[in-house]
Each structure stands twice: as structure tokens, then as C-alpha cells.
There are 2 protein chains.
Amino acid sequence: MADFVITTFDWVPETPRGYVRDIRLRWALEEAGLPYRVEGTPFADRRDAHFSRQPFGQVPWLTHGDTSIFESGAILLYLAERSAALMPPDPAGRNNVIEWLFAGLNSVEMASVPWSIFKFSGDDEETPGRSNLNAFLASRLHHMEQVLAEREWLAGDFSVADIVMVDALRLVDRFGELAPHKASRDYIARGTARPAFRKAHADQMAFYEAADARRDA
Amino acid sequence: MADFVITTFDWVPETPRGYVRDIRLRWALEEAGLPYRVEGTPFADRRDAHFSRQPFGQVPWLTHGDTSIFESGAILLYLAERSAALMPPDPAGRNNVIEWLFAGLNSVEMASVPWSIFKFSGDDEETPGRSNLNAFLASRLHHMEQVLAEREWLAGDFSVADIVMVDALRLVDRFGELAPHKASRDYIARGTARPAFRKAHADQMAFYEAADARRDA
């Protein structure tokens, strides 16, 4: 089997470090024990070669032999179909993982990422729309807390759905918003204690420290 | 093959009509020519039976024999795996549809749905966070316009990815935000002119008109 190649930005500012989307792919590949390497694409100067792989100028994308895929959700599904450590192959187990994979992205992250844009902007002004956005996130977090109070992982054993959900909730927790949600915080702690996450996170941080060193040289 | 059953809210206010997420499932099932029926779950009083099917208290969910799935993205993928009218079965074509399915949900709709929360709230106050949210959407729309200027459908022939993207852009267009983006407006026009969309939309509108009639009786 050909190696998997993750392409991510060759450098990013301090704020997103530890949260760049390639961490989900690194984490999945570590869980699966699949061979991979990581390459950089310019952060500052995004050219046609980048847009031809990722039409929004974002990262990551994955190459695997002749295959090139963008969207971390699509890539995680692609990897999950190649490792029982990420998704069980039986139809019922597979459906359950896939619905929770989409739930992490579309029910939780669709609220949390826009909310984080306001938090990163230092903007806490409670306009009518902002109140409704906050309520949207609060509802999602409330329901996730109910779910996580009753299970260790989202869909049976640990799966690719947990990679997305833990990473999505980790961003919310960064701003202290999970203080009242103990089951969610415990779930993040379980996920981030896994050796595969720890290695993925350390490797992403080291990747950008090396980029700093090159810029300073 | 068992019939597919879509469960959606038994009634909704005027504003979301024509945009309730079940429209994506109706549309896909019409394109595929698969047999289905639509059932209602209470909008006003969401109980345990609802949360056991959809943990966020949202709609739709799909039942198909012994299978019950939530998240419209996951359901669309489930349907696409059962119809070449929604996704080609070859690996390269399938990957291409899946990456664009996730792109509609996670690159476009992750910006457009939160933005629409502000629009529906009548909130146009340009706070720092709002400016960044608007810029997030504007970037996604700009890149989609580049893509749609060069192709009829996102991934070869019409696919489930177009169902999501057309429906996502349709919401943006509702607020006039696509005025400068002709290729995107033409793409929406192509999608919504399809007989399967027209039937799905008319059926959803009729479903809620029948609900009004029951409430008035």
C-alpha cells in the first residue's frame, strides 16, 4: 500500500497551533498504524497548485497513490474505510460511526466554529444574532452532555467520529465554555490522553517550531 | 427492498418552509426513484422517542428496515451508496462526490448557516466578530463562484453533492447575497429546475399546508 501524504500549511501563527485540521488526520493515521508523512504548502502565498488540490485554499488534503482528497471529513471517512481501528466494517457499526462523524462536523462544529470566530475576535457584544448563535451552540453542548454522560465513546468502541467530536469540543473548552459540562470535559480528557492524539499533537507543534527555526535562520 | 421513511417535524412556522432539511432527502429519493414515505414528529413537544432517534432534537432522520440514521449528510451518503443516480460506484468518482458532499456541509454551510442566523435575527450590526464571520462566508462564496464558473455540476454528473450545495447556496441567495455571483445563481437555477427538486419542494410545502389545515380544523 502506498504511503499516505498529508499536506498542511508550512507555517501558521501561534493561535491555531495544535488545532490545525491536519491534527485529525495525523491522529487517525496514528490510531490506525498506517504509514504517512507530512508535507508543507505555503501559508502566505496560496497559488493555483494549492487551489487545484483544495478549492477553498485551506488545508489539509491527502494524497494516496493516484488519489487526492480534500475536506478533512471526507479524508477521515476514506481512512476509516481502510482501518477497523477507525470504523467497524459491519453495516450497522459503520452507519453509527458515520452519523456521529457528520454530527461532530454539522451539528456541533457548525455552531462552535462560527462562535469561535467571535471569541478569537474578542467580540462579546450580545447583539440579537449573537444571542441566537450562542443559544445554537448552548443547545448542541447541552445535548452532547446528555449523550456523553451515558457512554465512553460515541459509537461503540473509539472511532473516527470521536476524533472529530473530541477535537471540536476541545476548541470550545479552550474558551472555558464547557465548565458546566463535566461529562464533555471527561470525554475530551479521555480522547486527548490517547497515545495517538498525544503524538499527533506533539508532531504538529514540532512541525511549526521547525518552521519558526527556518524563518529565523 | 424496504421502503425508506423520512421523519420530519409535523408542523413548522412559515419561515423555514421550503428549507426544512427533509427536502434534501426527498430530493435525493426522487432523483434515485426509490420508494419512500414521510412521517411527522411533534415540532412543539420533543420527547424521548425523538431524542432516541435524533440526539439534538432536530430533523430529519431516516428509517429503512431495521436501520435508523440521523444527520442529513450521513443519510444522503447512505442513499447515495444505494443509487448510481446519486453517486457513481467507482472509487475515483465516489471519492470526488464525497469530498464535495463534505465541502457543501463543512466549507460552505458552516459559514452560511451561522450567517443566516444573524440575517433571520434582522441583525446587521458590524461588530468585529460579525465582520470576520461575513468575511468567512464571502471567501467561501468567492471560491465557489470560481469552481462553478467552470463546471455544470460539482463532481462529474449531477450527484448528491449538488443536492447539498444547491440547497446551501439557495439559503444564501434568499438574502440576496449571491447578486454578484452569476455562476452560483445559474447553478442554483439548474438544480432547482430539476423535476426531482420541484417535486420535493412542492411536497414539503403541501405537507405543511396540510398541517395548517389540521390545526385550523
Side-chain angles (χ1 to χ4, degrees), chain A residues 51 54-58 61 66-78 91-92 95-111 113-125 127-133 135-137 139-140 142-144 146-147 154, chain B residues 51 54-58 61 66-78 91-92 95-125 127-133 135-137 139-140 142-144 146-147:
Chain A
F51 288 100
Q54 215 297 350
F56 301 97
Q58 299 299 306
W61 67 83
D66 292 337
T67 301
S68 177
I69 320 180
F70 69 98
E71 283 292 334
S72 52
I75 296 167
L76 290 172
L77 182 59
Y78 181 88
N95 284 337
N96 198 210
V97 168
I98 291 176
E99 66 187 357
W100 277 108
L101 171 66
F102 279 95
L105 293 166
N106 294 116
S107 285
V108 174
E109 205 157 38
M110 191 173 289
V113 164
W115 171 86
S116 78
I117 288 176
F118 285 81
K119 299 301 274 188
F120 282 121
S121 307
D123 181 347
D124 281 316
E125 194 173 340
T127 69
R130 178 66 183 283
S131 296
N132 288 332
L133 179 65
F136 179 36
L137 178 64
S139 168
R140 297 309 202 232
H142 167 75
H143 292 303
M144 279 312 301
Q146 310 288 109
V147 167
L154 291 174
Chain B
F51 288 99
Q54 215 296 351
F56 301 97
Q58 299 299 305
W61 65 84
D66 292 336
T67 301
S68 177
I69 321 181
F70 69 98
E71 283 292 334
S72 52
I75 296 167
L76 290 172
L77 182 59
Y78 181 89
N95 284 338
N96 198 212
V97 168
I98 290 176
E99 65 187 357
W100 278 108
L101 171 66
F102 279 95
L105 294 166
N106 293 115
S107 285
V108 175
E109 204 157 39
M110 191 172 289
S112 62
V113 164
W115 171 85
S116 79
I117 288 176
F118 284 81
K119 300 301 275 187
F120 282 122
S121 306
D123 181 347
D124 281 317
E125 195 173 340
T127 68
R130 179 66 183 282
S131 296
N132 287 333
L133 179 66
F136 179 36
L137 178 65
S139 168
R140 297 308 201 232
H142 166 75
H143 292 302
M144 280 311 302
Q146 311 288 109
V147 167

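Residue numbering restarts at 1 for every chain, and letters A, B, ... go by the order of the sequence lines.
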Structural part of A:F51 lying under 4.5 Å from a heavy atom of chain B: side chain
With only heavy atoms counted, which part of A:I75 is less than 4.5 Å from chain B, the side chain, the backbone, both or neither? neither
Out of [options], return the one with the most heavy atom pairs under 4.5 angstrom to chain A.
options	answer
B:W115, B:Y78, B:F56	B:F56
B:N95, B:V108, B:V147, B:L101	B:N95
B:N96, B:L133, B:D124, B:D123	B:D123

Pair A:F102-B:F102, ring-ring contact (aromatic ring centres under 6.0 Å, His included): steps then yes or no: CA-CA 9 Å; A:F102 279 95; B:F102 279 95; 4.6 Å; yes
Using only atom types and a distance under 3.5 Å, with no angle test, would you say the side chain of [X] pairs donor to acceptor with the backbone of [Y]?
X	Y	result
A:R130	B:F118	no
B:E109	B:S112	no
A:S139	A:A135	no

Under 4.5 Å heavy-atom distance to chain A, tell me which part of [X] shows up: side chain, backbone, both or neither.
X	value
B:S68	backbone
B:E99	both
B:A103	both
B:Q146	neither
B:S107	both

Against chain B, work out which of [options] has the most heavy-atom pairs shorter than 4.5 Å and name it.
options	value
A:N106, A:L77, A:T67	A:N106
A:S72, A:A111, A:G122, A:S121	A:S121
A:V113, A:L105, A:I98	A:L105

What pairs with A:F136 under ring pair (Phe, Tyr, Trp, His ring centres under 6.0 Å), at least two apart in sequence or on another chain?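 With neighbours one apart ignored, the set is empty.
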Measure the shortest side-chain to side-chain distance between B:E71 and A:W100 over non-hydrogen atoms and say whether it is less than 4.5 angstrom.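 A side-chain contact is absent here, since even the closest heavy-atom pair is not under 4.5 Å.
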